[in-house]
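In the text below, chain A, chain B and the rest are named by the order of the sequence lines, each starting its count at 1. Because the structure is predicted, anything quoted here is derived from the model rather than measured. Hydrogens, waters and symmetry mates are skipped; everything else that's a heavy atom, side chains included, is used.
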Number of protein chains: 2
Amino acid sequence: MVARPASDGTVAKALDVLDLVASFGRPVRFSDVLEQSSFPKATLYRLLQTLVSQGMLAFDADRSCYTMGIRLVRLAHVAWAQSSLAPIARPHLDRLSAQVGETVHLAQLDHAQVLYVDKRNARMPIPMYSQAGKVGPAYCTGVGKAMLAYLPEGQLPAILAQQSWHRFTPKTLTSPDALQKELAAIRARGFALDDEEHEPGIICVALPVMTSGGAVLGALSVTSTTSHTDLDALCAYAPLIRDIARTIAQETETWRFPEEDAHSTRKRA
Amino acid sequence: MVARPASDGTVAKALDVLDLVASFGRPVRFSDVLEQSSFPKATLYRLLQTLVSQGMLAFDADRSCYTMGIRLVRLAHVAWAQSSLAPIARPHLDRLSAQVGETVHLAQLDHAQVLYVDKRNARMPIPMYSQAGKVGPAYCTGVGKAMLAYLPEGQLPAILAQQSWHRFTPKTLTSPDALQKELAAIRARGFALDDEEHEPGIICVALPVMTSGGAVLGALSVTSTTSHTDLDALCAYAPLIRDIARTIAQETETWRFPEEDAHSTRKRA
DNA sequence: TAGGTTAGTTCCATTATTTGAAACCTATTT
DNA sequence: AAATAGGTTTCAAATAATGGAACTAACCTA
């Protein structure tokens, strides 16, 4: 319902601009941004200036274009280090990656979408959409379906309502009903599969990372290509992934910020 | 000069709050933030609310505390991926780390300070201040001095004026004059050394990463402890570091965004 | 359990910032 | 020399932010 807070908050607008610039994934000139933005020229101009002077964006005078600022990079590290799963999961992702030699993903739900939080490439990297920091659809990816299948009662409808149901490939499930059946199958089977539903030739096995209380923290997947292996073979990894997911979940619950003393060191100069 | 833009921009204030929350490095309650902040209660409250509703912060209702938001995490990745040096340097850092077995840093200048952009731990990790995403002083760290020494004419005075000149150890250089001499020595020698100037027992060799045009992009360092080795031994790594720095710089110049097509895929749903 | 203390939230008249159409630059192009 | 594109500044009107104080909820404390 909070779709577009319309004329609310200057901060919101500035952040929208930040997102917009980020979405280009490359340095952009003023006019590039203007074209994509719904703000009037003068307003956009000032918002960009603010972001630059705040260090969230940087302006390269030589090429007269905007890039991500160094302050954002700094926040980036803090954010990543705290996005509970990522730092805890890191060594386990390494382990999983080493054992299976395939592409490995760690994802979390971001609104109704999948946010790839971390990734390890296969020994022989394969080109694909996913990338740490990118968001992808939930209804047609392994990690997405794994999380949806184990979501607490009642949360699912709202999320389904926000899916785009775009048919990426002939195998994409494009309706809530079809997906509901698939989710039931996932629960019965104990893990999720992506059978080229998002990208042709890309397949994966995925399992959710869940607390003992049943909360879905994220999901792990092992991804490969049809030219290299098949779903049956990937299924064999499910138990290993489950073990690792369980370990990560346990550590999340145990750990919960062991470094309560860290701020004594940090006094600002 | 732009020390504290005082009563300028709501965006600035919101971002200050964001930084503040980030600086705790852990989930914080409202009152924790209030204590550290100069904003009145109501104002801070609303700023936090804005940040939460914008997804830059997340509010954990159970523990009633604020953490980094998922939107920030997402921006974080984009920022990191674009902070030109980091992604390009990554494999080279790995290589350097593997070859020397010591702690390795990649840093960039953030205003007048050093921002550690990436890091590899030594085979036997040693406790020290630096950490990816942290900022440190420029005048008394290896990477900082390496960058200052090769800064283009005219930029140095402004930066020196912003140093704190705090005496961290007996060996810290605490005046612009002393540092200027040291920088000349660095240029003569071709690389920078940190002889326990920031932390007792911590020493390092550092070299700048520079474009062929002479612009300072960042710096690389190999760090160790006096109990484990000495400066003379570290100096031996200088040529290797120089090679790697040069490679990184070259790739930065060649590369410059090879993925100009990436946005065709990304169309918003 | 009344009485107090802390922590978080809302109100609202005042104040300050943001807004954006249009005018204005300043290189480039025709 | 005139026109265009890309960027920057102005200024009165519109809008959003401010913060003191009042309020609520939860948790102590005696």
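B/V143 and B/L220 make their closest contact through CG1-C, 4.1 Å (heavy atoms, listed as atom of the first residue, atom of the second, distance). Closest heavy-atom contact between A/L85 and A/V209: CD2-CG1, 4.3 Å.
With hydrogens and angles ignored, the 3.5 Å screen pairs no side-chain donor or acceptor of B/R29 with any backbone N or O of B/S64.
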Detail all sub-3.5 Å separations between protein N/O atoms and N/O atoms belonging to nucleotides 26-28 of chain D.
none

Check the interface with nucleotides 18-25 of chain D: list each N/O to N/O pair with the protein under 3.5 Å, or write none.
{"residue": "D/dT18", "atom": "OP1", "partner": "B/K13", "partner atom": "NZ", "Å": "2.8"}
{"residue": "D/dG19", "atom": "OP2", "partner": "B/T43", "partner atom": "OG1", "Å": "3.0"}
{"residue": "D/dG19", "atom": "N7", "partner": "B/R46", "partner atom": "NH2", "Å": "2.6"}
{"residue": "D/dG19", "atom": "O6", "partner": "B/R46", "partner atom": "NH2", "Å": "3.4"}

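Classification of A/R26 and A/D60 as a salt-bridged pair fails, no side-chain N sitting under 4.0 Å from a carboxylate O.
Computed from coordinates, the B/D16 CG to D/dA17 P distance equals 16 Å when rounded to whole Å. Remark: C1' of C/dT9 and CG of B/L34 are 13 Å apart, rounded to the nearest angstrom. Atom CD in A/Q49 sits about 13 Å away from atom P in C/dT19, given to the nearest Å. Separating the CZ atom of B/R29 from the P atom of C/dT9 is a distance of 12 Å, rounded to the nearest angstrom. Rounded to an integer number of Å, the gap from CG of B/L48 to P of D/dA17 is 14 Å. With rounding to whole Å, B/F30 atom CZ is found 7 Å from C/dG8 atom C1'. Computed from coordinates, the B/L51 CG to D/dA17 C1' distance equals 14 Å when rounded to whole Å.
Separation of atoms CD (B/Q108) and CG (B/D118) is listed at 10.5 Å; rounding is to 0.5 Å. The CG atom of B/L183 lies 7.0 Å from the CG atom of B/L160; values are rounded to the nearest 0.5 Å. Distance check: A/S164 OG to A/Y139 OH gives 3.5 Å after rounding to the nearest 0.5 Å.
Ring-plane geometry between A/F168 and A/H198 is classed as perpendicular, the angle between the planes exceeding 60 degrees on a 0 to 90 degree scale with a lower cut at 30. Using a 30° and 60° split on the angle between ring planes, A/H105 and A/Y116 fall in the tilted class, from 30° to 60°.
Distances shown here put every side-chain N or O of B/S31 at or beyond 4.0 Å from the OP1 or OP2 atom of C/dT6. In this structure, B/Y45 reaches the C/dT9 phosphate: one of its side-chain N or O atoms is under 4.0 Å from OP1 or OP2.
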